[in-house]
Asks: 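Starting off with a structure, shown below.
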Amino acid sequence: MEFAIEIKAKPGTLQELDQTLQALLPTIRNEKGCRECRIYRDMEDGETFFISINWKTRVSLGHYLRSSNGMALIGAIEMLSGKAGVKIGERAR
């Protein structure tokens with residue numbers, strides 16, 4: 001189950017968003033059901049990041065999103081992004 005998020009940093013929050021995503025990466029990778037997690041930065045628009053997470057099942061993704069770690073990711077996105085988009089499914093990348 002692919003879960004992808006595209007995040008565009010709010011003006012003035014680029015460094016904080018980058019540091020926050022890097023800090024959250026190990027916690028996401030350690031979540032039950034997480035097969036792989038990667039964070040990418042757009043080479044053309046350096047203020048846009050992509051998070052790609054492969055989950056074993058949709059249920060494990062749901063558990064993560066409702067967990068404190070999932071809420072931390074959602075909170076960081078809400079606070080530091082000017083725009084964000086989410087794709088879920090087999091072809092979310």
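Remember, predicted model here, so these are calculated numbers, not experimental data.
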Asks: Atom CD1 in Ile53, atom CD1 in Ile5: separation rounded to 0.5 Å?
Replies: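 If I round to the nearest 0.5 Å, the distance is 5.5 Å.
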
Asks: Can you check whether Leu21 reaches Ile7 side chain to side chain, under 4.5 Å on heavy atoms?
Replies: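 Yes. Closest side-chain heavy atoms under 4.5 Å.
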
Asks: What pairs of residues pass the ring pair (Phe, Tyr, Trp, His ring centres under 6.0 Å) test when at least one of them lies in residues 59-83, not counting sequence neighbours?
Replies: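 Every ring pair (Phe, Tyr, Trp, His ring centres under 6.0 Å) pair that includes a residue of residues 59-83, provided the two are not neighbours, is Trp55-Tyr64.
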
Asks: So if you build clusters from Ile, Leu, Val, Met, Phe, Trp, Tyr with side-chain heavy-atom gaps below 4.5 Å, do Leu61 and Val59 land together?
Replies: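 The answer is no; the residues belong to distinct hydrophobic clusters.
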
Asks: Which heavy atom in Ile28 sits nearest to a heavy atom in Cys37, and how many Å separate them?
Replies: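 Nearest pair, atom of Ile28 first, then Cys37: CG2-SG, 3.6 Å.
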
Asks: Can you list, pair by pair, the side-chain donor-acceptor contacts under 3.5 Å of residues 69-81, counting residues two or more places apart and other chains?
Replies:
from	atom 1	to	atom 2	distance (Å)
Asn69	ND2	Glu31	OE2	2.7
Ser81	OG	Ile77	O	2.5

Asks: According to side-chain contact (heavy atoms from CB on, under 4.5 Å), who are the partners of Lys56, at least two apart in sequence or on a separate chain?
Replies: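 Result, side-chain contact (heavy atoms from CB on, under 4.5 Å) vs Lys56: Arg35, Ser60.
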
Asks: Can you sort out the partners of Asp45 under side-chain contact (heavy atoms from CB on, under 4.5 Å), two or more places apart, ordered by chain and number?
Replies: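 side-chain contact (heavy atoms from CB on, under 4.5 Å) list for Asp45, sorted by chain: Lys8, Asp42, Glu47, Thr48.
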
Asks: Using the side-chain hydrogen bond (donor to acceptor under 3.5 Å, both in side chains) rule, collect all pairs that involve residues 12-30, keeping only residues at least two apart or in two chains.
Replies: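 Qualifying pairs: none.
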
Asks: Taking only residues two or more places apart in sequence or in another chain, which ones pass side chain to side chain donor-acceptor pair (under 3.5 Å) with Arg38?
Replies: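 Partners of Arg38 by the side chain to side chain donor-acceptor pair (under 3.5 Å) criterion, ordered by chain and then number, come out as Glu36.
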
